[in-house]
Structure formats: structure tokens, C-alpha cells
Trainee: 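This is the structure I have questions about; it appears just below.
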Amino acid sequence: MTEDLSVFFADLGVTAVYGTQTAKVLMDEPDEDVLSGRMISTGYAITYAATDLAGLKHNDAIIVDGTDYQVVSVRKQDDGKLIRATLQK
Amino acid sequence: MSSIREAILVALEGLATQAVIANGKTADHVYRSRQAALDRGEVPALVVEPEEEQTEFQNTLWVIRKLMVVFTVFIRADVPDTDADPYITALHARLMADPTLGGLAARVIEQGTRWNFENADRNALGAELRYEIKYQTLAADLTKAA
């Protein structure tokens, strides 16, 4: 049986634009402590289907929900069908 | 009445404020002993705090004190050590301009700098500058210089 990941992103997903590619992604932006709790940072990250946003990598520019970001890192999740990319403004 | 130590820390906070203003920021980017996490809009920031004080017993009348003070430049940038450099340079120049702190101390002695990096939204840096402040007080009274 093949998973339909589009259902996963349909309700809560936002639009991401990477070059000529467009995809629905889940956006997270929790505040988190860095430098042993001396500074607060926002951990921008998107989760998307591995079949989308092909070639996304460190330093690439991406627009998520209308906001410009720069990619920090790209990592596969669990079985590799989902990818999580951390971002910075 | 405040101790000589407190007067020294107030003087150091004043020099830190001058260093921040010299870099085009306002005095509210300087904090004394702040432990609460700094938000995005609060950096760059310069935090001044005492770390420890060691004493050398001289006689029953007076004591030599070595106060270790840490200045931490918190900043967020692509190359944060580069962006922190003007703050470090401005602070050091002011500390060395009068290493007696207006007569409060015998000497301000640089001990070293440590850069702590962390991946954040842009690279975050806490650059810690340590200075030893050597001064004397009466053995029985922290408010009286000897």
C-alpha cells in the first residue's frame, strides 16, 4: 500500500516556494534557549514530503508562507519519506 | 554604604555602556548580572557580572582582593565573532585607558577571551572577556580602600 502524504499536509500545510518548485509544508517556529539559556532563538523548520522540493540544501533561499528564509540543514525523518529542513531568517 | 567591589562593578558597567554607545547602540543593551535569556531584539548585548573574588591576606589591617569580572558580548550574525569584535575592541580600550578605574583599583589585568558559539536563527555567540581587578580594602571593612 502506498501512503498518500498529500493528506498529511492538506489541512495544516502552508505553501513553500523553492526556485520553480512549489509544495505544501508544515511550518514550525518554536522559541528555544541557546547558549545555556542566555539567549532565545526561534527554531524555524519545515517538514515536507521527500518527493517535493528536490535539491534543497544548506544556504539555499526558500519562501515559506510568503516569508523569505535561508536553509540551515536538511535531514530525512524516520523512513525517509518526510524531510525536515531547519531555516533562518 | 556600598563596598569597593560594588563601586568597581558600577564603574565597569559604565565603561561597558560607553563601549556599546560607541558602536551605535543605546545604553539599554548593557546589563548587570542578567541571567534571563536575551530575546532577539535585545542583542547585541553586553552583560557585566562578577565571577569570583580571591583574597591575599597581608596583615590584620588590610587585604589584597582579586575580583574576576566577566563581560559577555551576546550577538547573532552570520559571522558573529566578526560582529562582536568592535564591541570587544571598544571595551578593552576603555578598560586600559585608566586601569585604576579612577583610583578604585590597583590594576585591571586582562585574563583572556572565550568564544561560545551555537547554531540558532543565524549563528549565536557569547564572547566572554575575563578581567581581574586587583584592589585593596581594610580587612574588617569592605567599604574602605586601603
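A, B, ... follow the sequence lines: proteins, then strands. Residue 1 opens every chain. Treat the numbers as computed from the prediction; the structure is a model and nothing was measured.
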Trainee: Hey, could you give me the CG/OG distance between Asn123(B) and Ser41(A), rounded to the nearest 0.5 Å?
Mentor: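 The CG atom of Asn123(B) sits 10.0 Å away from the OG atom of Ser41(A).
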Trainee: Decide if atom CD of Gln54(B) counts as having more than 12 heavy atoms of other residues, nucleotides or ligands within a radius under 6.0 Å.
Mentor: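 Counting other residues, nucleotides and ligands, CD of Gln54(B) stays at 12 neighbours or fewer.
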Trainee: Quick check on the structure: residues of residues 55-69 of chain A within a heavy-atom distance below 4.5 Å of chain B, by number.
Mentor: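 Interface residues of residues 55-69 of chain A: none, nothing closer than 4.5 Å to chain B.
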Trainee: Scan residues 15-32 of chain B for pairs that pass salt bridge (Lys or Arg N to Asp or Glu O under 4.0 Å), counting only residues two or more places apart or in two chains.
Mentor: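 Of all non-adjacent pairs touching residues 15-32 of chain B, those that pass salt bridge (Lys or Arg N to Asp or Glu O under 4.0 Å) are Glu6(B)-Arg32(B).
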Trainee: Spell out, yes or no, whether Leu95(B) and Tyr87(B) are grouped together once hydrophobic residues are joined by side-chain heavy atoms under 4.5 Å, including indirect joins.
Mentor: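 Leu95(B) and Tyr87(B): one cluster.
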Trainee: Is Val73(B) reachable from Ile21(B) through a run of hydrophobic residues whose side-chain heavy atoms are each under 4.5 Å from the next?
Mentor: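 Cluster IDs for Ile21(B) and Val73(B) differ.
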Trainee: Kindly indicate whether the side chain of Gln88(A), heavy atoms from C-beta on, has any atom under 4.5 Å from the side chain of Asp78(B).
Mentor: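 Gln88(A) reaches Asp78(B) side chain to side chain.
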Trainee: Is any side-chain heavy atom of Gln35(B) closer than 4.5 Å to one of Arg38(A)?
Mentor: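 SC-SC contact between Arg38(A) and Gln35(B) confirmed.
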Trainee: If we ignore hydrogens and angles and just use 3.5 Å, is the side chain of Glu118(B) paired with the main-chain N or O of Val34(A) as donor and acceptor?
Mentor: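 Not at all, since once roles are kept as given, no pair shorter than 3.5 Å links the two residues.
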Trainee: Answer yes if Val69(B) and Val20(B) sit in the same cluster of Ile, Leu, Val, Met, Phe, Trp and Tyr residues linked by side chain heavy atoms under 4.5 Å apart, and no otherwise.
Mentor: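 Cluster IDs for Val69(B) and Val20(B) match.
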Trainee: Working to the nearest 0.5 Å, report the span between CG of Leu35(A) and CG of Leu125(B).
Mentor: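 If I round to the nearest 0.5 Å, the distance is 7.5 Å.
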Trainee: Any chain of hydrophobic side-chain contacts (each under 4.5 Å) joining Ile75(B) to Phe117(B)?
Mentor: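 Looking at the clustering, Phe117(B) is in the same group as Ile75(B).
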Trainee: I need the minimum non-hydrogen distance between Val43(B) and Met39(A), along with the two atoms involved.
Mentor: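 Val43(B) and Met39(A) have their closest heavy atoms at CG1-CE, 4.0 Å.
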Trainee: Strictly less than 4.5 Å between heavy atoms, which residues of residues 70-77 of chain A line up against chain B? Please order them by number.
Mentor: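 So the qualifying residues are Gln70(A), Val72(A).
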Trainee: Between Ile88(B) and Tyr131(B), is there shared hydrophobic-cluster membership here, with clusters defined by ILVMFWY side-chain heavy atoms closer than 4.5 Å?
Mentor: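 Shared cluster, yes.
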Trainee: Where do Gly37(A) and Ala37(B) come nearest, in terms of heavy atoms and distance?
Mentor: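 Nearest heavy atoms, Gly37(A) then Ala37(B): O-CB, 3.2 Å.
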Trainee: Report which part of Ala45(B) has an atom under 4.5 Å of a heavy atom belonging to chain A: side chain, backbone, both, or neither.
Mentor: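 It is neither, since no heavy atom gets under 4.5 Å.
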Trainee: For chain B, which residues from residues 14-24 of chain A have at least one heavy atom closer than 4.5 Å to it?
Mentor: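 Against chain B, none of the residues of residues 14-24 of chain A fall inside the cut-off of heavy atoms under 4.5 Å.
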